Amino acid sequence: MTVVTRFAPSPTGMLHIGGVRTALFSWLYARRMGGKFILRVEDTDRERSTDEAVRVILEGMRWLELDADEGPYYQTQRFPRYKEVIDRLLLEGKAYRCYCTKEELDQLRAEQMARKEKPRYDGRWRDRTDSRPGVDPVIRFRNPTEGEVVVDDQVHGKVVFRNSELDDLVIARGDGTPTYNFCVVVDDMDMGVTHVIRGDDHLNNTPRQMNMLAALGAKTPSYAHVPMILGADGAKLSKRHGAVSVLQYEEEGYLPDALLNYLVRLGWSHGDQEIFTRQQMIELFDIADVNKAASAFNGEKLLWLNQQHMMRAEPAALVAYLRKQLASLGIEAGDDGLLARIIVAQRERVKTLKEMALASQYFFGEGVGIDPKAADKHLRAEGAAVLQELRGELAALETWDAAAVHGVLSAFATARGLGLGKVAQPLRVAVTGSTISPPIDLTVEMIGRGRTLSRIDAALAGSSSAAVDTPA
RNA sequence: GCUCCUUUCGUCUAGAGGCCUAGGACAUAGCCCUCUCAAGGCUGUAACACGGGUUCGAAUCCCGUAAGGAGCGCCA
């Protein structure tokens, strides 16, 4: 039997990391088992679904490279099929029309709550054959009243529900549109889904779905209810607690593989291993190793992992991402070679590609804006004097590369009994505008002789804005 | 309220009865390295929710309690 999993997000809110983690587990499991992964958009709630949310789902999955073998399917395009199944259920007496009004149901619930009972539909239309004029009936599933349903969950083990706890749920609204719990059942059945991997907030829905599957004569899939992801403060993930669109992580300069690596470790582990390539995740992932408890999102570890992935990646593989980040700063980066060199020079000092772009602006454009505080500290009397002399030596250099620059700097420092820092910092501030950069010799090499000398001149002239053209 | 789920350092986790004086990672503190910032190395602080059992032995099994979460919609 070939494994078929699916990710079925609802476009009523933005796809966030909680959803992405579920998608990842489903995707990994399918890939690991050589199975099929389906993407299905659950948009039956036409009131609340938005095109923008659908776009984020599609765009997010593409960015993360969680490729689907089938889909995206849209439930709103399958209404005829749902109607067909509902009619069949009606015909077989496995579903019935209920003419209760919303007010009536609200009252029923209120009464039950007042009596401290579990609020549930009491089945008052279960055996009626008449109708009530003026009310568009909903269709309810006739749930068994006795016995129990055992969910043999892959992460929680056997979970038992008594049918007496379940009521007859609505499968079609008054306007005829089908509801979520029903569509899921029909879709999973029709699409041959063998493994349902979803958030454990769905565990309570599972017995109802299994009963409907049984009524339709379909085989129940294997279920795996994975724990939820909480916000950094341990509260439920919501807009106030870091539930931002997955695409925001792209904008902030995270690598897809790093985000996935972070997410896979939330609720899953493989011994003490922290860093996984996409390929390793596929090879090692197993539902049997998934935890039961919810976990809190920790942005600092994500940051660390992102840097680890940047440091391990092939520089060429990061070029396009860096180019995009630079572009959003208004910098048109030239050739890939320079970008690859920047990546190698910067990746151990920044945690995201956005930071990298921000910290690499001095590699572009002619002049550079100098941080006033840095200038105060390193370009005054002493520093200026050093720079002045250094300029001459650098200008006289025959070959312009890191080794040569380094030679000049250390000889210069030794000759004057100075620490290298006393020489490097003024130069660094002059050519980069700040006190922070990759090793000075490499930095100077990459900036080039022309710009290095002109920036020194500008710094000595005290006009840090001499040729500034780097956008803020 | 009822039903279901969960509970190891601040956070993510290892742990499937003796290997646990509870391991790793992020964060944090100190030290080393060092031209800046980092990266890297070393060291430290820090946890089995609580109470009962079962057992020669329990973080691991069972039962309670507590705390947190989910569901109980003509939402998904």
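Keep in mind that this is a model prediction, so the values were computed, not measured. Throughout, a chain's letter reflects where its sequence line sits, starting with A, and its residues are numbered from 1.
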Looking only at B/C72, B/C2, B/A76, the nucleotide nearest the A/Pro119 side chain is B/C72
For B/G40, give the paired nucleotide (Watson-Crick: N1-N3 plus N6-O4 or O6-N4; G-U: N1-O2 and O6-N3; both under 3.5 Å), or none. B/C32
Does a salt bridge link A/Glu382 with A/Arg380, judged by any charged N lying under 4.0 Å from a carboxylate O? no
Under 4.0 Å from OP1 or OP2 of B/C37: is there any side-chain N or O of A/Ser434 that close? no
Parallel, tilted or perpendicular: which one describes the rings of A/Tyr262 and A/Phe297, with boundaries at 30° and 60°? perpendicular
So A/Asp43, base contact, sugar-phosphate only, or nothing? Heavy-atom distance under 4.0 Å. nothing
Over all strands shown, is A/Pro9 touching base, sugar-phosphate only, or nothing at heavy-atom distances under 4.0 angstrom? nothing
I'd like to know whether CG of A/Asp130 has more than 12 heavy-atom contacts from other residues, nucleotides or ligands below 6.0 angstrom. yes
Does B/A14 pair with anything, Watson-Crick or G-U wobble, both distances under 3.5 Å, and if so, with which nucleotide? none
Write down the atom of A/Asn306, the atom of A/Ala258, and the distance for their closest heavy-atom approach. OD1-CB, 3.3 Å
Just by distance, no angles: are the side chains of A/Glu111 and A/Gln107 close enough, under 3.5 Å, to form a donor-acceptor pair? yes
Take the protein atom CG of A/Asp200 and the nucleotide atom P of B/G68, then report the distance between them rounded to whole Å. 17 Å
Looking for any heavy atom pair under 4.0 Å, which part of the strands does A/Ser437 touch: base, sugar-phosphate only, or nothing? base
Considering only heavy side-chain atoms of A/Lys118, the closest of B/U13, B/C4, B/C72 is B/C72
Donor-acceptor pair between A/Tyr180 and A/Asn205 side chains, under 3.5 angstrom: no
Rounded to whole Å, how long is the line connecting atom NZ of A/Lys422 with atom P of B/U34? 18 Å
Between P of B/U34 and CG of A/Leu409, the distance in whole Å: 17 Å
Please tell me which of the listed nucleotides, B/A76, B/C4, B/C35, lies nearest to the side chain of A/Pro439? B/C35
Closest nucleotide among B/C35, B/U13, B/C5 to the A/Leu203 side chain: B/C5
Donor on one side chain, acceptor on other, A/Ser245 and A/Arg55, under 3.5 Å: no
Short N/O separations, protein against nucleotides 6-10 of chain B, under 3.5 angstrom:
from: B/U6; atom 1: OP1; to: A/His156; atom 2: ND1; distance (Å): 3.3

Both distances below 3.5 Å, Watson-Crick or wobble geometry, any strand: find the nucleotide opposite B/G71. B/C2
Parallel under 30°, tilted from 30 to 60°, perpendicular over 60°: which one fits the rings of A/Tyr82 and A/Phe182? perpendicular
For RNA chain B, whose closest nucleotide is more 5', that of A/Phe161 or that of A/Thr179? A/Phe161
Paired with B/C19: which nucleotide, if any, by Watson-Crick or G-U wobble criteria at under 3.5 Å for both distances? none
May I ask you to say what A/Thr44 touches in the nucleic acid, namely base, sugar-phosphate or nothing, with a heavy-atom cut-off under 4.0 Å? sugar-phosphate
Between B/C42 and B/C33, how far apart are the two P atoms, rounded to whole Å? 15 Å
Base-pairing assignment for B/A66 (Watson-Crick or G-U wobble, both under 3.5 Å): B/U7
Taking B/U13 as the reference, what is the distance to B/U6 when you measure between their P atoms (whole Å, please)? 15 Å
Looking only at B/A14, B/C4, B/C72, the nucleotide nearest the A/Arg208 side chain is B/C72
Picking from B/G73, B/U36, B/U13, the nucleotide nearest the side-chain atoms of A/Thr435 would be B/U36
Under-4.0 Å salt bridge between A/Asp167 and A/Arg208: yes
Donor + acceptor pair across side chains of A/Arg349, A/Gln346 (<3.5 Å): no
Looking at every strand, decide which applies to A/Asn181 at a 4.0 Å heavy-atom threshold: base, sugar-phosphate, or nothing. base
Whole-Å gap separating P (B/C35) and CZ (A/Arg416): 18 Å
Could you tell me whether A/Gly13 contacts a base, only the sugar-phosphate backbone, or nothing, with contacts defined as non-hydrogen atoms closer than 4.0 Å? nothing
If we ignore angles and hydrogens, is there a donor and acceptor under 3.5 Å between the side chains of A/Asp43 and A/Thr76? yes
Closest of B/A76, B/U36, B/C35 to the A/Tyr180 side chain is B/A76
With the side chain of A/Lys301 defined as its heavy atoms from C-beta on, choose the nearest nucleotide among B/C4, B/G73, B/A25. B/A25
Spacing of A/Asn306 atom CG relative to B/C26 atom P, expressed in whole Å: 15 Å
Taking only the P atom of each, what is the distance from B/A16 to B/C35 in whole angstrom? 47 Å
For a quick test of reading the model: is some side-chain N or O of A/Ser269 closer than 4.0 Å to OP1 or OP2 of B/C12? no
Please work out if A/Cys100 contacts a base, only the sugar-phosphate, or nothing of the nucleic acid, heavy-atom cut-off 4.0 Å. base
Please work out if A/Leu266 contacts a base, only the sugar-phosphate, or nothing of the nucleic acid, heavy-atom cut-off 4.0 Å. sugar-phosphate
Looking at A/Ala313, is its backbone amide N or carbonyl O close enough to the side chain of A/Arg347 to form a donor-acceptor pair, meaning the two atoms are under 3.5 Å apart? yes
Determine the contact category for A/Val138: base if any of its heavy atoms lies under 4.0 Å from a base atom, sugar-phosphate if only primed atoms, P, OP1 or OP2 are that close, otherwise nothing. base
Heavy atoms under 4.0 Å, any strand shown: does A/His225 hit a base, just sugar-phosphate, or nothing? nothing
Across the strands shown, which category fits A/Glu274 at heavy-atom distances under 4.0 angstrom: base, sugar-phosphate, nothing? base
In this structure, are over 12 heavy atoms from other groups packed under 6.0 Å from A/Lys94 atom NZ? yes
Taking CG from A/Leu420 and P from B/C37, how many angstroms apart are they, rounded to a whole number? 14 Å
Nearest listed nucleotide, side chain of A/Val170, among B/A14, B/C74, B/U3: B/C74
Separation of atom NE2 in A/His309 from atom C1' in B/A25, rounded to whole Å: 13 Å
Position toward the 5' end of RNA chain B (nearest nucleotide), A/Lys116 or A/Arg347: A/Lys116
For A/Thr177 and A/Asp175, test the side chains for any donor-to-acceptor distance below 3.5 angstrom and give the result as yes or no. yes
So which protein nitrogen or oxygen atoms get under 3.5 Å of nucleotides 39-41 of chain B's nitrogens or oxygens?
from: B/A39; atom 1: OP1; to: A/Lys351; atom 2: NZ; distance (Å): 3.2
from: B/A39; atom 1: O4'; to: A/Glu348; atom 2: O; distance (Å): 3.1
from: B/G40; atom 1: OP1; to: A/Gln308; atom 2: NE2; distance (Å): 3.1

In whole angstrom, what separates A/Arg120's CZ from B/U3's C1'? 10 Å
If you only use heavy atoms from C-beta on, which nucleotide in B/G24, B/A76, B/U11 is closest to the side chain of A/Ala296? B/U11
